[in-house]
Enquirer: 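Supplied in C-alpha coordinates, the structure appears directly below.
It should be emphasised that the depicted structure is a prediction, and the values quoted were computed from it without experimental measurement.
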Amino acid sequence: MTINTKNTNKTYRHHYHLMPEYGWMNDPNGFSFFNNSYHLFYQYYPYDTVWGPMHWAHAVSDDLIKWDHEKIALRPDKSYDKNGIFSGSGLQVGNEHWLYYTGHNDSFLDFLYDQNLKKKEEVIESEEIVSPIRQVQCLAKSADGITYEKYKHNPVISSQQVPSNIRLEDFRDPKVWEHHDRFYMIVGAKSHENVGHVLFYCSNDGVTWEYLNQLSLGPGYGTAWECPDLFELNGKQVLIFSPQEIPRIGYRYENIHSTMALIGEFDYETGEFIVENEQELDQGFDFYAPQTTLSEEGKRVMVAWMNMWDMEYPLHELGHGWNGSMTLPRELLLKDGRIIQKPYHTIDKFREEKIEWSHFSIKDYFENDKLNGNCQKINIQFYMHDSDYFKMEFFKGDREKLLLSFDKSRNEIVLDRRNAQFPIKNMAIHNDFTRSHSIDLNQKVKLNIFLDVSSIEIFVNDGEHVFTSLFFSKELGEQVSLHSEGHTHIDELIKWELK
(Lines give C-alpha, C1' and ligand atoms only; values in the text may rest on other atoms or scores of the structure.)
Protein backbone atom coordinates (compact mmCIF):
# COMPACT_ATOMS: atom_id res chain seq x y z
CA MET A 1 0.00 0.00 0.00
CA THR A 2 1.15 3.55 -0.75
CA ILE A 3 -0.39 6.16 1.55
CA ASN A 4 -2.10 9.35 0.47
CA THR A 5 0.24 11.94 1.96
CA LYS A 6 -2.33 14.74 1.53
CA ASN A 7 -5.01 12.99 3.56
CA THR A 8 -3.46 12.48 7.00
CA ASN A 9 -6.05 11.96 9.74
CA LYS A 10 -5.30 14.30 12.65
CA THR A 11 -7.59 12.68 15.24
CA TYR A 12 -4.79 11.24 17.40
CA ARG A 13 -1.95 13.59 16.49
CA HIS A 14 -0.07 15.09 19.41
CA HIS A 15 0.27 18.80 20.17
CA TYR A 16 3.73 18.82 21.75
CA HIS A 17 5.48 15.63 20.65
CA LEU A 18 7.43 15.09 17.43
CA MET A 19 5.65 12.95 14.82
CA PRO A 20 6.20 12.32 11.11
CA GLU A 21 4.16 14.53 8.82
CA TYR A 22 3.07 11.25 7.21
CA GLY A 23 4.39 7.70 6.98
CA TRP A 24 6.19 5.53 9.51
CA MET A 25 8.58 6.64 12.27
CA ASN A 26 10.79 4.67 14.63
CA ASP A 27 14.17 5.23 16.40
CA PRO A 28 15.51 8.76 17.04
CA ASN A 29 18.82 9.29 15.24
CA GLY A 30 21.51 11.96 15.02
CA PHE A 31 20.23 13.87 18.07
CA SER A 32 22.61 16.84 18.29
CA PHE A 33 23.08 20.62 18.39
CA PHE A 34 24.44 22.32 15.28
CA ASN A 35 24.19 25.83 13.77
CA ASN A 36 22.23 27.12 16.78
CA SER A 37 19.49 24.50 16.40
CA TYR A 38 18.68 21.08 17.78
CA HIS A 39 18.58 18.40 15.10
CA LEU A 40 16.66 15.18 15.48
CA PHE A 41 16.63 12.65 12.67
CA TYR A 42 14.62 9.47 12.81
CA GLN A 43 14.03 6.14 11.11
CA TYR A 44 11.45 6.84 8.45
CA TYR A 45 9.46 5.08 5.76
CA PRO A 46 7.56 7.70 3.70
CA TYR A 47 5.40 5.36 1.61
CA ASP A 48 3.37 3.47 4.22
CA THR A 49 2.49 3.43 7.93
CA VAL A 50 4.40 0.22 8.64
CA TRP A 51 8.14 -0.41 8.56
CA GLY A 52 9.85 -0.36 5.16
CA PRO A 53 13.37 0.36 3.82
CA MET A 54 14.62 2.99 6.21
CA HIS A 55 15.38 6.63 5.42
CA TRP A 56 16.50 9.38 7.79
CA ALA A 57 13.85 12.07 8.20
CA HIS A 58 15.01 15.36 9.70
CA ALA A 59 13.48 17.87 12.11
CA VAL A 60 14.94 20.98 13.77
CA SER A 61 13.95 22.91 16.89
CA ASP A 62 15.13 25.73 19.11
CA ASP A 63 13.42 24.45 22.27
CA LEU A 64 13.22 20.60 21.88
CA ILE A 65 9.40 20.80 21.96
CA LYS A 66 8.18 22.35 18.72
CA TRP A 67 9.84 20.91 15.62
CA ASP A 68 10.03 21.96 11.97
CA HIS A 69 10.45 19.26 9.33
CA GLU A 70 13.29 19.56 6.84
CA LYS A 71 13.69 17.50 3.68
CA ILE A 72 14.70 13.83 4.02
CA ALA A 73 18.38 13.82 4.96
CA LEU A 74 19.47 10.33 3.86
CA ARG A 75 18.00 7.81 1.45
CA PRO A 76 19.12 4.21 0.75
CA ASP A 77 20.76 4.67 -2.65
CA LYS A 78 24.32 3.29 -2.46
CA SER A 79 25.58 -0.27 -2.75
CA TYR A 80 26.51 -0.34 0.95
CA ASP A 81 23.14 0.98 2.21
CA LYS A 82 20.72 0.08 -0.58
CA ASN A 83 18.19 -1.66 1.69
CA GLY A 84 18.16 0.81 4.55
CA ILE A 85 19.76 3.74 6.34
CA PHE A 86 19.62 2.26 9.84
CA SER A 87 20.05 4.10 13.13
CA GLY A 88 23.03 6.21 14.16
CA SER A 89 24.18 9.48 15.63
CA GLY A 90 25.34 13.01 14.85
CA LEU A 91 27.89 15.51 16.12
CA GLN A 92 29.60 18.72 15.12
CA VAL A 93 33.14 18.28 13.81
CA GLY A 94 34.81 21.60 13.09
CA ASN A 95 32.24 23.58 11.11
CA GLU A 96 30.50 20.47 9.76
CA HIS A 97 27.69 18.25 10.93
CA TRP A 98 28.67 14.57 10.72
CA LEU A 99 26.12 11.76 10.72
CA TYR A 100 27.12 8.17 11.41
CA TYR A 101 24.66 5.46 10.42
CA THR A 102 24.39 1.76 9.64
CA GLY A 103 24.23 0.77 5.99
CA HIS A 104 21.91 -2.23 5.62
CA ASN A 105 22.04 -4.82 2.84
CA ASP A 106 19.38 -7.52 2.61
CA SER A 107 18.57 -9.03 -0.80
CA PHE A 108 15.21 -10.27 0.50
CA LEU A 109 14.08 -6.62 0.68
CA ASP A 110 14.89 -6.31 -3.04
CA PHE A 111 12.41 -9.14 -3.49
CA LEU A 112 9.69 -7.27 -1.54
CA TYR A 113 10.25 -3.65 -2.64
CA ASP A 114 10.70 -2.14 -6.10
CA GLN A 115 13.51 0.14 -7.29
CA ASN A 116 11.65 3.13 -5.83
CA LEU A 117 11.55 1.40 -2.41
CA LYS A 118 7.79 0.94 -2.55
CA LYS A 119 6.15 -2.36 -1.64
CA LYS A 120 5.51 -4.49 -4.70
CA GLU A 121 1.86 -5.09 -5.47
CA GLU A 122 2.58 -8.73 -6.29
CA VAL A 123 5.46 -10.82 -4.99
CA ILE A 124 6.30 -14.00 -6.88
CA GLU A 125 7.30 -16.83 -4.56
CA SER A 126 10.75 -18.28 -5.14
CA GLU A 127 12.79 -20.82 -3.25
CA GLU A 128 16.01 -19.60 -4.83
CA ILE A 129 16.24 -16.36 -2.84
CA VAL A 130 19.21 -16.33 -0.51
CA SER A 131 19.24 -13.37 1.84
CA PRO A 132 22.64 -12.74 3.43
CA ILE A 133 22.27 -9.64 5.62
CA ARG A 134 25.27 -7.37 6.06
CA GLN A 135 25.47 -4.24 8.22
CA VAL A 136 28.33 -1.71 8.10
CA GLN A 137 28.97 1.73 9.60
CA CYS A 138 28.89 4.77 7.35
CA LEU A 139 29.36 8.55 7.41
CA ALA A 140 27.62 11.55 5.85
CA LYS A 141 28.63 15.21 6.19
CA SER A 142 26.96 18.62 5.89
CA ALA A 143 28.16 22.21 6.00
CA ASP A 144 24.70 23.75 6.39
CA GLY A 145 22.75 21.18 8.45
CA ILE A 146 20.26 20.66 5.62
CA THR A 147 21.97 18.86 2.74
CA TYR A 148 24.09 15.80 3.60
CA GLU A 149 26.59 14.04 1.34
CA LYS A 150 27.72 10.49 1.97
CA TYR A 151 31.45 10.00 2.49
CA LYS A 152 33.01 8.76 -0.75
CA HIS A 153 35.02 6.03 1.00
CA ASN A 154 32.11 4.48 2.92
CA PRO A 155 31.83 2.25 4.83
CA VAL A 156 34.13 3.61 7.55
CA ILE A 157 33.80 0.31 9.47
CA SER A 158 33.39 -2.72 7.23
CA SER A 159 32.55 -6.35 7.91
CA GLN A 160 36.29 -7.11 8.11
CA GLN A 161 36.48 -5.04 11.31
CA VAL A 162 33.81 -7.02 13.15
CA PRO A 163 35.08 -9.46 15.83
CA SER A 164 34.68 -13.12 14.86
CA ASN A 165 32.15 -13.83 17.64
CA ILE A 166 29.70 -11.19 16.34
CA ARG A 167 27.03 -11.71 13.66
CA LEU A 168 27.58 -9.49 10.61
CA GLU A 169 23.81 -9.12 10.25
CA ASP A 170 23.46 -7.67 13.78
CA PHE A 171 26.10 -4.95 13.88
CA ARG A 172 24.34 -1.59 13.97
CA ASP A 173 23.40 1.78 15.49
CA PRO A 174 26.71 3.66 15.95
CA LYS A 175 26.88 6.41 18.58
CA VAL A 176 29.97 8.61 18.17
CA TRP A 177 31.45 11.21 20.52
CA GLU A 178 34.74 12.99 21.13
CA HIS A 179 36.91 12.64 24.24
CA HIS A 180 40.30 14.31 24.69
CA ASP A 181 40.68 14.98 20.94
CA ARG A 182 39.87 11.41 19.95
CA PHE A 183 36.69 9.93 18.49
CA TYR A 184 34.94 6.98 20.09
CA MET A 185 32.13 4.81 18.75
CA ILE A 186 29.85 2.31 20.45
CA VAL A 187 27.89 -0.11 18.23
CA GLY A 188 25.08 -2.52 19.13
CA ALA A 189 25.57 -6.18 18.29
CA LYS A 190 24.58 -9.81 18.81
CA SER A 191 26.89 -12.82 19.01
CA HIS A 192 26.53 -16.08 17.07
CA GLU A 193 25.09 -17.52 20.31
CA ASN A 194 22.32 -14.85 20.20
CA VAL A 195 23.71 -12.93 23.18
CA GLY A 196 23.65 -9.13 23.25
CA HIS A 197 26.88 -7.14 23.02
CA VAL A 198 28.17 -3.64 22.43
CA LEU A 199 31.44 -3.00 20.59
CA PHE A 200 33.81 -0.07 21.15
CA TYR A 201 35.95 1.55 18.44
CA CYS A 202 38.31 4.55 18.47
CA SER A 203 39.70 6.93 15.84
CA ASN A 204 42.03 9.91 15.56
CA ASP A 205 40.08 11.55 12.72
CA GLY A 206 36.54 10.10 12.83
CA VAL A 207 37.12 8.29 9.53
CA THR A 208 39.70 5.55 10.14
CA TRP A 209 38.57 3.33 13.00
CA GLU A 210 40.20 0.66 15.16
CA TYR A 211 38.43 -1.98 17.22
CA LEU A 212 38.93 -1.40 20.95
CA ASN A 213 36.84 -3.81 23.04
CA GLN A 214 33.40 -5.30 23.67
CA LEU A 215 30.94 -5.73 26.53
CA SER A 216 28.28 -8.33 27.27
CA LEU A 217 26.39 -9.28 30.42
CA GLY A 218 25.58 -12.80 29.25
CA PRO A 219 22.48 -14.61 27.97
CA GLY A 220 20.18 -13.31 30.71
CA TYR A 221 20.28 -9.81 29.23
CA GLY A 222 18.59 -10.32 25.90
CA THR A 223 19.69 -10.92 22.33
CA ALA A 224 20.61 -7.94 20.11
CA TRP A 225 21.57 -4.81 22.03
CA GLU A 226 20.23 -1.94 19.94
CA CYS A 227 20.85 1.81 19.91
CA PRO A 228 23.61 2.08 22.55
CA ASP A 229 24.73 5.44 23.92
CA LEU A 230 27.59 6.20 26.31
CA PHE A 231 28.05 9.50 28.15
CA GLU A 232 29.26 11.04 31.40
CA LEU A 233 26.79 12.07 34.08
CA ASN A 234 27.79 13.53 37.45
CA GLY A 235 31.25 11.99 37.26
CA LYS A 236 30.04 8.52 36.27
CA GLN A 237 29.84 6.85 32.87
CA VAL A 238 26.37 5.79 31.75
CA LEU A 239 25.68 3.24 29.03
CA ILE A 240 22.08 3.02 27.80
CA PHE A 241 20.85 0.47 25.26
CA SER A 242 17.75 -1.44 24.21
CA PRO A 243 18.11 -5.21 24.70
CA GLN A 244 15.71 -7.34 22.69
CA GLU A 245 13.88 -10.33 24.18
CA ILE A 246 15.15 -9.89 27.71
CA PRO A 247 13.26 -12.25 30.09
CA ARG A 248 10.74 -10.76 32.51
CA ILE A 249 11.88 -10.64 36.14
CA GLY A 250 9.13 -9.57 38.54
CA TYR A 251 8.23 -5.98 37.70
CA ARG A 252 11.23 -5.64 35.40
CA TYR A 253 11.34 -6.05 31.63
CA GLU A 254 7.59 -6.46 31.17
CA ASN A 255 8.02 -5.42 27.54
CA ILE A 256 9.46 -8.02 25.17
CA HIS A 257 12.06 -5.41 24.20
CA SER A 258 13.28 -3.07 26.89
CA THR A 259 15.68 -0.21 27.57
CA MET A 260 18.20 -0.20 30.37
CA ALA A 261 21.08 1.80 31.78
CA LEU A 262 24.41 0.64 33.16
CA ILE A 263 26.18 3.04 35.52
CA GLY A 264 29.90 2.65 36.14
CA GLU A 265 33.34 3.49 34.79
CA PHE A 266 34.73 3.40 31.25
CA ASP A 267 38.46 3.09 30.55
CA TYR A 268 39.19 5.04 27.38
CA GLU A 269 42.53 3.31 26.93
CA THR A 270 41.31 -0.29 27.08
CA GLY A 271 37.61 0.12 26.21
CA GLU A 272 36.59 -1.73 29.37
CA PHE A 273 33.28 -0.78 30.99
CA ILE A 274 32.97 -1.67 34.70
CA VAL A 275 29.32 -1.99 35.78
CA GLU A 276 28.42 -0.66 39.22
CA ASN A 277 24.65 -0.44 38.92
CA GLU A 278 21.88 -1.19 36.43
CA GLN A 279 18.25 -0.18 35.95
CA GLU A 280 15.38 -0.18 33.50
CA LEU A 281 14.59 3.28 32.14
CA ASP A 282 10.82 3.19 31.62
CA GLN A 283 8.12 1.01 33.17
CA GLY A 284 5.48 1.77 30.55
CA PHE A 285 4.41 0.17 27.28
CA ASP A 286 5.84 2.51 24.66
CA PHE A 287 9.48 3.48 25.09
CA TYR A 288 12.41 2.23 23.01
CA ALA A 289 15.75 3.16 21.42
CA PRO A 290 16.49 6.37 23.35
CA GLN A 291 19.30 8.69 22.34
CA THR A 292 20.87 11.57 24.26
CA THR A 293 22.66 14.81 23.54
CA LEU A 294 24.02 17.75 25.50
CA SER A 295 21.65 20.70 25.45
CA GLU A 296 22.83 24.23 24.74
CA GLU A 297 22.88 24.67 28.53
CA GLY A 298 25.07 21.61 29.03
CA LYS A 299 22.31 19.33 30.33
CA ARG A 300 22.10 15.69 29.26
CA VAL A 301 18.79 15.29 27.39
CA MET A 302 17.18 12.04 26.20
CA VAL A 303 14.47 11.35 23.61
CA ALA A 304 13.02 7.92 22.79
CA TRP A 305 10.66 6.35 20.28
CA MET A 306 7.19 6.33 21.86
CA ASN A 307 6.17 2.96 20.41
CA MET A 308 7.29 -0.65 20.77
CA TRP A 309 8.11 -3.53 18.45
CA ASP A 310 5.78 -6.53 18.24
CA MET A 311 2.73 -4.46 19.21
CA GLU A 312 -0.30 -3.98 16.98
CA TYR A 313 -1.20 -0.27 16.84
CA PRO A 314 -4.51 0.89 15.35
CA LEU A 315 -3.25 3.87 13.33
CA HIS A 316 -2.20 1.68 10.41
CA GLU A 317 -5.41 -0.34 10.29
CA LEU A 318 -7.48 2.84 10.61
CA GLY A 319 -5.65 4.37 7.64
CA HIS A 320 -4.58 7.55 9.43
CA GLY A 321 -1.57 8.08 7.16
CA TRP A 322 1.01 8.39 9.95
CA ASN A 323 2.40 6.12 12.66
CA GLY A 324 4.92 6.82 15.42
CA SER A 325 6.06 9.62 17.72
CA MET A 326 8.81 10.62 20.12
CA THR A 327 8.68 11.06 23.88
CA LEU A 328 9.10 14.37 25.63
CA PRO A 329 12.74 15.37 25.94
CA ARG A 330 13.94 14.36 29.41
CA GLU A 331 16.84 15.75 31.40
CA LEU A 332 18.89 12.98 32.99
CA LEU A 333 20.36 13.27 36.48
CA LEU A 334 22.20 10.81 38.70
CA LYS A 335 21.00 10.31 42.27
CA ASP A 336 22.32 7.61 44.60
CA GLY A 337 23.71 5.67 41.64
CA ARG A 338 20.44 5.73 39.68
CA ILE A 339 19.18 7.69 36.68
CA ILE A 340 16.48 10.25 37.43
CA GLN A 341 14.39 11.66 34.55
CA LYS A 342 12.82 15.13 34.47
CA PRO A 343 10.72 16.60 31.65
CA TYR A 344 12.94 19.17 29.97
CA HIS A 345 12.07 22.59 31.37
CA THR A 346 11.17 24.17 28.01
CA ILE A 347 7.81 22.38 28.07
CA ASP A 348 6.78 24.73 30.88
CA LYS A 349 6.56 27.73 28.56
CA PHE A 350 3.53 26.10 26.90
CA ARG A 351 1.51 25.95 30.14
CA GLU A 352 -1.72 27.96 30.34
CA GLU A 353 -4.82 28.27 32.53
CA LYS A 354 -3.51 26.98 35.86
CA ILE A 355 -6.12 25.46 38.17
CA GLU A 356 -5.18 24.41 41.68
CA TRP A 357 -6.70 22.45 44.55
CA SER A 358 -4.88 21.87 47.83
CA HIS A 359 -5.19 20.15 51.22
CA PHE A 360 -8.33 18.08 50.79
CA SER A 361 -9.34 14.45 51.15
CA ILE A 362 -10.92 12.07 48.64
CA LYS A 363 -13.28 9.26 49.58
CA ASP A 364 -15.11 7.57 46.72
CA TYR A 365 -14.95 9.67 43.52
CA PHE A 366 -13.55 13.13 42.86
CA GLU A 367 -14.69 14.57 39.53
CA ASN A 368 -14.52 18.16 38.35
CA ASP A 369 -15.01 19.44 34.82
CA LYS A 370 -12.03 21.76 35.25
CA LEU A 371 -9.77 18.71 35.59
CA ASN A 372 -10.87 17.21 32.26
CA GLY A 373 -8.84 17.38 29.05
CA ASN A 374 -6.52 15.39 26.84
CA CYS A 375 -3.71 17.90 26.35
CA GLN A 376 -2.52 18.97 29.74
CA LYS A 377 -0.07 18.61 32.63
CA ILE A 378 -1.24 17.40 36.04
CA ASN A 379 0.84 17.56 39.20
CA ILE A 380 -0.45 15.69 42.23
CA GLN A 381 0.96 14.90 45.68
CA PHE A 382 -0.97 12.50 47.90
CA TYR A 383 -0.77 10.33 51.03
CA MET A 384 -2.48 6.96 51.55
CA HIS A 385 -2.21 6.77 55.35
CA ASP A 386 -5.98 6.29 55.60
CA SER A 387 -6.73 4.50 52.33
CA ASP A 388 -6.01 1.10 50.82
CA TYR A 389 -6.52 1.83 47.15
CA PHE A 390 -6.31 4.96 45.02
CA LYS A 391 -6.78 5.34 41.28
CA MET A 392 -6.73 7.95 38.54
CA GLU A 393 -8.62 7.53 35.26
CA PHE A 394 -7.69 9.35 32.05
CA PHE A 395 -9.25 9.64 28.56
CA LYS A 396 -12.44 8.47 30.25
CA GLY A 397 -15.62 8.01 28.23
CA ASP A 398 -18.68 5.82 28.62
CA ARG A 399 -16.76 2.58 27.99
CA GLU A 400 -13.11 3.57 27.85
CA LYS A 401 -10.45 4.69 30.28
CA LEU A 402 -6.74 4.48 30.96
CA LEU A 403 -6.31 3.43 34.59
CA LEU A 404 -3.45 4.29 36.95
CA SER A 405 -3.87 2.55 40.31
CA PHE A 406 -2.05 2.38 43.65
CA ASP A 407 -2.58 -0.69 45.87
CA LYS A 408 -1.19 -0.21 49.37
CA SER A 409 -1.58 -3.89 50.31
CA ARG A 410 0.90 -4.72 47.54
CA ASN A 411 2.87 -1.45 47.49
CA GLU A 412 2.29 -1.47 43.75
CA ILE A 413 1.57 1.03 41.00
CA VAL A 414 -0.19 -0.34 37.89
CA LEU A 415 -0.95 1.24 34.52
CA ASP A 416 -3.82 -0.59 32.79
CA ARG A 417 -4.97 0.14 29.22
CA ARG A 418 -7.28 -2.81 28.61
CA ASN A 419 -10.39 -0.59 28.53
CA ALA A 420 -10.00 0.72 24.99
CA GLN A 421 -12.14 0.07 21.93
CA PHE A 422 -9.02 0.45 19.80
CA PRO A 423 -6.77 -1.77 21.95
CA ILE A 424 -3.03 -1.97 21.42
CA LYS A 425 -2.27 -5.68 21.33
CA ASN A 426 0.92 -7.55 22.04
CA MET A 427 1.34 -9.91 19.08
CA ALA A 428 3.30 -12.44 21.16
CA ILE A 429 1.54 -12.34 24.56
CA HIS A 430 -2.21 -12.63 25.00
CA ASN A 431 -4.03 -10.12 27.23
CA ASP A 432 -0.92 -8.02 27.87
CA PHE A 433 -2.49 -4.75 29.04
CA THR A 434 -0.76 -3.82 32.32
CA ARG A 435 2.61 -2.44 33.39
CA SER A 436 3.58 -2.19 37.04
CA HIS A 437 6.26 -1.37 39.58
CA SER A 438 6.82 -1.49 43.32
CA ILE A 439 6.38 1.74 45.29
CA ASP A 440 6.36 2.62 49.00
CA LEU A 441 2.80 3.79 49.58
CA ASN A 442 3.47 4.54 53.24
CA GLN A 443 5.29 7.63 51.96
CA LYS A 444 4.05 10.68 50.06
CA VAL A 445 3.65 10.07 46.32
CA LYS A 446 4.37 12.79 43.77
CA LEU A 447 3.26 12.50 40.14
CA ASN A 448 3.91 14.75 37.14
CA ILE A 449 1.58 13.61 34.36
CA PHE A 450 1.58 14.74 30.72
CA LEU A 451 -1.40 13.98 28.48
CA ASP A 452 -1.17 14.66 24.75
CA VAL A 453 -4.27 13.50 22.82
CA SER A 454 -3.19 9.85 22.53
CA SER A 455 -0.25 9.56 24.93
CA ILE A 456 0.59 9.76 28.61
CA GLU A 457 3.94 10.14 30.37
CA ILE A 458 3.91 9.70 34.15
CA PHE A 459 6.93 10.82 36.20
CA VAL A 460 6.80 9.21 39.64
CA ASN A 461 8.47 10.81 42.69
CA ASP A 462 10.47 13.40 40.77
CA GLY A 463 11.39 10.98 37.99
CA GLU A 464 12.56 7.95 39.99
CA HIS A 465 10.27 5.92 37.72
CA VAL A 466 8.52 6.80 34.45
CA PHE A 467 5.57 5.17 32.70
CA THR A 468 5.11 6.01 28.99
CA SER A 469 2.06 4.80 27.10
CA LEU A 470 -0.10 5.40 24.05
CA PHE A 471 -3.89 5.20 24.26
CA PHE A 472 -6.25 5.60 21.31
CA SER A 473 -9.74 6.43 22.54
CA LYS A 474 -12.52 5.71 20.05
CA GLU A 475 -14.88 7.84 22.12
CA LEU A 476 -12.25 10.60 22.33
CA GLY A 477 -12.95 10.75 26.05
CA GLU A 478 -11.43 13.62 28.00
CA GLN A 479 -12.69 13.03 31.54
CA VAL A 480 -10.14 12.74 34.33
CA SER A 481 -11.41 11.27 37.60
CA LEU A 482 -9.94 10.20 40.93
CA HIS A 483 -11.22 7.48 43.26
CA SER A 484 -10.22 6.34 46.74
CA GLU A 485 -11.14 3.42 48.96
CA GLY A 486 -10.77 5.06 52.34
CA HIS A 487 -9.48 8.62 52.64
CA THR A 488 -6.60 9.63 50.38
CA HIS A 489 -5.19 12.98 51.41
CA ILE A 490 -4.34 15.31 48.55
CA ASP A 491 -1.64 17.79 49.45
CA GLU A 492 -1.63 19.41 46.01
CA LEU A 493 -3.45 18.97 42.70
CA ILE A 494 -2.51 21.34 39.88
CA LYS A 495 -3.60 21.23 36.27
CA TRP A 496 -2.38 23.29 33.30
CA GLU A 497 -3.52 23.23 29.70
CA LEU A 498 -0.62 22.74 27.30
CA LYS A 499 -0.85 24.69 24.07
Enquirer: Is the count of non-hydrogen atoms from other residues, nucleotides or ligands lying under 6.0 Å from N116 atom CG greater than 12?
Expert: yes
Enquirer: Would you please classify the geometry between the Y45 ring and the Y47 ring as parallel, tilted or perpendicular, with 30° and 60° separating the classes?
Expert: perpendicular
Enquirer: Can K446 and D491 be said to form a salt bridge (Lys or Arg N to Asp or Glu O under 4.0 Å), step by step?
Expert: CA-CA 10 Å; K446 297 174 63 177; D491 188 32; over 6 Å; no
Enquirer: Should the pair K363-D386 be classified as a salt bridge under the 4.0 Å nitrogen-to-oxygen rule?
Expert: no
Enquirer: Could you tell me which residues satisfy ring pair (Phe, Tyr, Trp, His ring centres under 6.0 Å) with H257, sequence neighbours excluded, listed by chain and number?
Expert: none
Enquirer: Could you check whether any side-chain heavy atom of R338 comes within less than 4.5 Å of a side-chain heavy atom of E464, counting everything from C-beta outward?
Expert: no
Enquirer: Would you call K299 and E297 a salt bridge, using N to O less than 4.0 angstrom?
Expert: no
Enquirer: Can you classify the ring geometry of H69 versus Y42 as parallel (below 30°), tilted (30 to 60°) or perpendicular (above 60°)?
Expert: perpendicular
Enquirer: Side chains of E457 and R330: closer than 4.5 Å at any heavy-atom pair?
Expert: yes
Enquirer: Which atom names give the shortest non-hydrogen contact between L233 and L334, and what distance separates them?
Expert: O-CD2, 3.5 Å
Enquirer: Flag the pair E278 and R252 as a salt bridge only when some basic side-chain nitrogen lies within less than 4.0 angstrom of an acidic carboxylate oxygen.
Expert: yes
Enquirer: I'd like to know if R351 and E353 make a salt bridge, using a cut-off of under 4.0 Å between side-chain N and carboxylate O.
Expert: no
Enquirer: Kindly say whether G284 contributes a backbone atom to a donor-acceptor pair with the side chain of N255 at under 3.5 angstrom?
Expert: yes
Enquirer: So, do H15 and V453 sit near enough that their side-chain heavy atoms are less than 4.5 Å apart?
Expert: yes
Enquirer: Strictly under 6.0 Å, is that where the ring centroids of F360 and F366 end up?
Expert: yes
Enquirer: Work out which heavy atom in N442 is nearest to a heavy atom in D440; give both atom names and the distance.
Expert: N-OD1, 3.0 Å
Enquirer: Tell me whether N372 contacts the main-chain N or O of V480 through its side chain, where contact means a donor paired with an acceptor under 3.5 Å.
Expert: yes
Enquirer: Do the non-hydrogen side-chain atoms of Y313 and T49 ever get within less than 4.5 Å of each other?
Expert: no
Enquirer: Between K499 and F350, is any pair of side-chain heavy atoms under 4.5 Å apart?
Expert: no
Enquirer: Are there over 12 heavy-atom neighbours, none belonging to K66, within less than 6.0 Å of that residue's NZ?
Expert: yes
Enquirer: I want to know whether F406 and F382 have ring centres closer than 6.0 Å.
Expert: yes
Enquirer: Identify which one of K425, R248, R418 satisfies the salt bridge (Lys or Arg N to Asp or Glu O under 4.0 Å) criterion when paired with D432.
Expert: R248
Enquirer: Between H104 and F86, does the ring centre distance come in under 6.0 Å?
Expert: yes
Enquirer: What residues form a ring pair (Phe, Tyr, Trp, His ring centres under 6.0 Å) with Y389, not counting sequence neighbours?
Expert: none
Enquirer: Can you check whether L482 reaches L371 side chain to side chain, under 4.5 Å on heavy atoms?
Expert: yes
Enquirer: Do NZ/NE/NH1/NH2 and the carboxylate oxygens of D286 and R417 come within less than 4.0 Å?
Expert: yes
Enquirer: Using a strict cut-off of less than 4.0 Å between a Lys/Arg side-chain nitrogen and an Asp/Glu carboxylate oxygen, indicate whether D63 and K349 qualify as a salt bridge.
Expert: yes
